Asks: 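One structure, pasted below without further comment.
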Amino acid sequence: MSVAELKERHLAAAETVNSLKDRLKQKRLLLLDTDVAGYARSQGQTRVSFGPTDLVCCRTLQGHTGKVLFESQVYSLDWTPERNRIVSASQDGRLIVWNALTSQKTHAIKLPCAWVMTCAFSPSGQSVACGGLDSMCSIFNLNSQTDKDGNLPVSRMLSGHKGYVSSCQYVPDEDTHLITASGDQTCVLWDITTGLRTVSINGSNSRMFISGSCDSTVRLWDTRVASRASRTFHGHEGDVNSVKFFPDGYRFGTGSDDGTCRLFDIRTGHQLQEYNQQHVDNEAPHVTSIAFSTSGRLLFAGYTNGDCYVWDTLLAEKIRYAAQFQPVCPVNRLYWTWENFKILTVVGSAVWDCLLMVVPYVQEVGTQTSRSGLLEGIEESTEVGDRFLWKMSVVISPSKFLDFVCPSYGL
Amino acid sequence: MVASKSNDSSLPPPQPRSPPQFPDLYGKRRELARVQMLQREIGFLDEELKSLESIPPASRSCKEVVDFVTGNVDPLIPTIKKTRRSRRFWKWLCGVCCFDVSWICCCGCSCDLSMPRCCDCLTCNSCSNPCQNCGIPACQCFPCFSSKCFKKWKCSLKCRSSCCCMPKHSCCMPKHSCCPTCSCTRCTCYPKCPNLNICSCCHKSCCFPCYYCM
């Protein structure tokens, strides 16, 4: 067969695929007699309501830093199964392990490659894994001895992917097996002890996992069958950034660049619900990550504009604005005021790798008539207790700052 | 040697030829691989289409989701609604048909029932009828838990007890005739004393040093 004939066949096959996909879509639509919200309302379900003190932030874990503010975002985090420790990864090149109850950092692991995109805790809590733009998955044993520089050594490097590692997760209850997802369009199940890829595990347990892709689909996989996905889920219109199993194990949720979260059924393939923020313009913020509460009633969704909403999964309504995080961008000018006749003090100083930012130290000077002013050169302002921490983009000598803040005191 | 000349003028003149083209095996293999992948996908899509004939509609899965969620407690969702005690009481009272509630509750309860108006008059220091200041029968307000009269009523029940172990509340402290000007609430004025002392905490003259000021 000639290349020309093959190209013709290719075109014909592509048309057949598109036509079959359309027929599938139409047939599925006929089976979508209701969605979760419609059914829940028909059953008289009422909305979950929160009082002002019912869902509040109890801890903020701060510790990741970065050369430039945009790179200090936390890219990924994972909990231990006991829910008492967290590992977080940031492109400041570190994995931090936190005690979730006390907020203390127990490990700060310097990574061989700073461009980390994902991290995971092992089921036993003894190891953490991470992966990123180096196309490798690195494993660290938290109990091993640090080297002479005080760094935790890598205990195993899993190499083989031909593209970035965007996601990694341990197989439940198995410290020796890990699944990674990559920009090379593959997922790999690893045997950590040998460092080899494997797709055959205990045949008596059917291990399923789901992967979300930049091709807008989500695929369900059986780890015993590498050659094809068990099912492909269509519906999203943009990259699928986050996938999470629903607590019952028969459904899963997704978050996408199309700004929606969706709930799919594994056994039938149906899209059961869409969680869509209505936006006037088409600039809906992308969903970056999702999580379900233990009953599945609440769906937490984080968006690229820094919002985090709580959705009622049954009624498909937003019930709470959980938090807002400032999009990371420098603030050059800040309008500040004195409150309660006290000058707001500034604590300490921060020295960064590339940019020397000196936060002047000002003592609390007591009462003063209230006034306000404009201070230029402030990169970012955060509240620390009852004080403000200003990160300056220019170097300001303490005396110059003091002159500005309290001229009448001649400090 | 005589060279023979060809007299065949029908043949085209010889022309230089292009070099033979190598077969594009890589392109062909790549194209073949693409076709095979698409054919494989066609197979999967056909399978999926067939399977849809036996798949139940979405409503069944929706029911499973709702049943699962409603059957599980969520630690993040408040389950106990904080109803005020008075509201619970009045809801019970609503069921008692013989009780005529025609007053509007002053307690700020948001229930739909009418409740007796409570006497919170400060001068109402007993549960006798009626309160001299506001004229409302003081004893009718005892069901309202937040009213001062209720508290006093409860207090008076305890204080009337003959048991010496029952705590006596300040509202039940008897005022003795020997200290008419004493308005110190802590002043016990007991036992009777012949002398008059100035109680520093209340700045009133008292027949006995205020226990709390000693």
Side-chain angles (χ1 to χ4, degrees), chain A residues 1-3 5-7 9-10 12-14 16-17 19-21 23-24 27-28 30-40 42-43 45 48-51 53-55 227-229 231-232 246-248 250-251 263-265 267-273 293-298 310 313-314, chain B residues 20-85 87 108-110:
Chain A
M1 201 182 297
S2 67
V3 173
E5 279 169 343
L6 278 172
K7 281 189 176 166
R9 274 207 179 183
H10 180 225
T16 309
V17 163
S19 136
L20 282 170
K21 280 183 178 173
R23 277 175 60 192
L24 256 176
K27 229 174 170 179
R28 280 210 176 273
L30 291 173
L31 288 168
L32 291 182
D33 52 343
T34 185
D35 59 9
V36 171
Y39 180 81
S42 73
Q43 300 299 303
Q45 279 296 322
V48 172
S49 63
F50 284 116
T53 57
D54 284 330
L55 197 70
S227 54
R228 57 172 288 193
R231 192 181 281 286
T232 304
F246 194 68
D248 71 353
Y250 295 116
R251 264 58 68 165
L263 185 70
F264 290 92
D265 185 279
R267 290 174 293 189
T268 59
H270 292 321
Q271 178 185 301
L272 301 180
Q273 188 61 57
S293 65
T294 49
S295 71
R297 185 67 194 257
L298 307 177
V310 186
T313 52
L314 295 190
Chain B
Q21 281 191 338
F22 289 105
D24 183 12
L25 289 172
Y26 182 67
K28 196 172 176 180
R29 282 192 197 128
R30 190 168 49 195
E31 206 54 51
L32 190 62
R34 282 187 193 144
V35 169
Q36 281 171 346
M37 263 180 58
L38 284 172
Q39 283 172 342
R40 197 163 159 251
E41 196 172 347
I42 288 169
F44 294 155
L45 289 168
D46 272 332
E47 269 179 41
E48 198 176 340
L49 262 173
K50 279 182 196 137
S51 72
L52 282 187
E53 283 158 25
S54 56
I55 281 177
S59 51
R60 189 190 289 189
S61 305
C62 293
K63 179 182 183 314
E64 287 172 5
V65 169
V66 172
D67 289 346
F68 177 85
V69 170
T70 52
N72 281 292
V73 174
D74 195 309
L76 292 176
I77 298 175
T79 51
I80 299 168
K81 287 191 181 163
K82 297 169 190 152
T83 47
R84 293 177 54 176
R85 291 169 64 191
R87 190 174 177 176
C109 307
S110 58

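Chain naming here is simple, since letters A, B, ... match the order of the sequence lines and numbering starts at 1 in each. Computed from a predicted model, the values in this text were never measured in an experiment.
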Asks: Can you tell if the side chain of A:Q43 reaches within under 4.5 Å of the side chain of B:T70, non-hydrogen atoms only?
Replies: no
Asks: Side chain from CB out, backbone as N, CA, C, O: work out which of these in B:Q36 comes under 4.5 Å of a heavy atom of chain A, or both, or neither.
Replies: neither
Asks: Near A:Y250 OH, under 6.0 Å, is it more than 12 heavy atoms from other residues, nucleotides or ligands?
Replies: no
Asks: Kindly give the heavy-atom pair with the smallest separation between B:V66 and A:A40, and that separation in Å.
Replies: CG2-CB, 4.1 Å
Asks: Can you tell which part of A:D248 gets under 4.5 Å to a heavy atom of chain B, answering side chain, backbone, both or neither?
Replies: both
Asks: May I ask you to name which of B:Q39, B:K63, B:R34 has the most heavy-atom pairs under 4.5 Å with chain A?
Replies: B:K63
Asks: Quick one: CD on B:E31 to CD on A:E5, what's the gap to the nearest 0.5 Å?
Replies: 12.0 Å
Asks: Looking only at heavy atoms, what is the nearest atom pair of A:S295 and B:F68, with distance?
Replies: O-CE2, 3.5 Å
Asks: What part of B:R40 gets closer than 4.5 Å to chain A, counting heavy atoms only: side chain, backbone, both or neither?
Replies: side chain
Asks: For B:E48, which residues count as a side chain to side chain donor-acceptor pair (under 3.5 Å) partner, sequence neighbours excluded?
Replies: A:R28
Asks: Given that the side chain runs from C-beta out, which part of A:F246 has a heavy atom under 4.5 Å from chain B: side chain, backbone, both or neither?
Replies: side chain
Asks: Quick one: which of B:D46, B:I55, B:L32, B:V69 has the most heavy-atom pairs under 4.5 Å with chain A, could you say?
Replies: B:V69
Asks: Counting only heavy atoms closer than 4.5 Å, note whether A:R231 contacts chain B via side chain, backbone, both or neither.
Replies: side chain
Asks: Over all heavy atoms of both residues, which pair between B:V65 and A:R251 is shortest? Give the atoms and the distance, please.
Replies: CG2-NE, 3.7 Å
Asks: Under the 3.5 angstrom rule, does the side chain of A:H270 hit a backbone N or O of B:S59 as a donor-acceptor pair?
Replies: no
Asks: Under a 4.5 Å heavy-atom cutoff, which of A:D33, A:V36, A:D265, A:L263 has the most pairs with chain B?
Replies: A:D33
Asks: Rounded at 0.5 Å granularity, tell me how far CD in B:E41 sits from OG1 in A:T16.
Replies: 11.0 Å
Asks: Please look at A:V17 and chain B and tell me whether the side chain, the backbone, both or neither of the residue comes under 4.5 angstrom of a heavy atom of that chain.
Replies: both
Asks: Go through the atoms of A:L314 and report whether side chain, backbone, both or neither lie under 4.5 Å from a heavy atom of chain B.
Replies: side chain
Asks: Any idea which of A:L32, A:T294, A:L30 has the most non-hydrogen atom pairs under 4.5 angstrom with chain B?
Replies: A:T294
Asks: My understanding is that only residues two or more places apart in sequence, or in another chain, count here; which of them pass salt bridge (charged side-chain N to carboxylate O under 4.0 Å, His left out) with A:K27?
Replies: B:E53
Asks: Is it the backbone or the side chain of A:S227 that comes under 4.5 Å from a heavy atom of chain B, or both, or neither?
Replies: both
Asks: Less than 4.5 Å to any heavy atom of chain B: does that hold for the side chain of A:R297, its backbone, both, or neither?
Replies: both
Asks: Under 4.5 Å between any side-chain heavy atoms of A:R267 and B:E64, yes or no?
Replies: yes
Asks: With the side chain counted from C-beta on, respond yes when A:L24 and B:L45 share a heavy-atom pair under 4.5 Å apart, and no when they do not.
Replies: yes
Asks: At a heavy-atom separation under 4.5 Å, does A:Q273 approach chain B through its side chain, its backbone, both, or neither?
Replies: neither
Asks: So which heavy atom on A:G296 is nearest to which on B:D74, and how close?
Replies: N-OD2, 4.4 Å
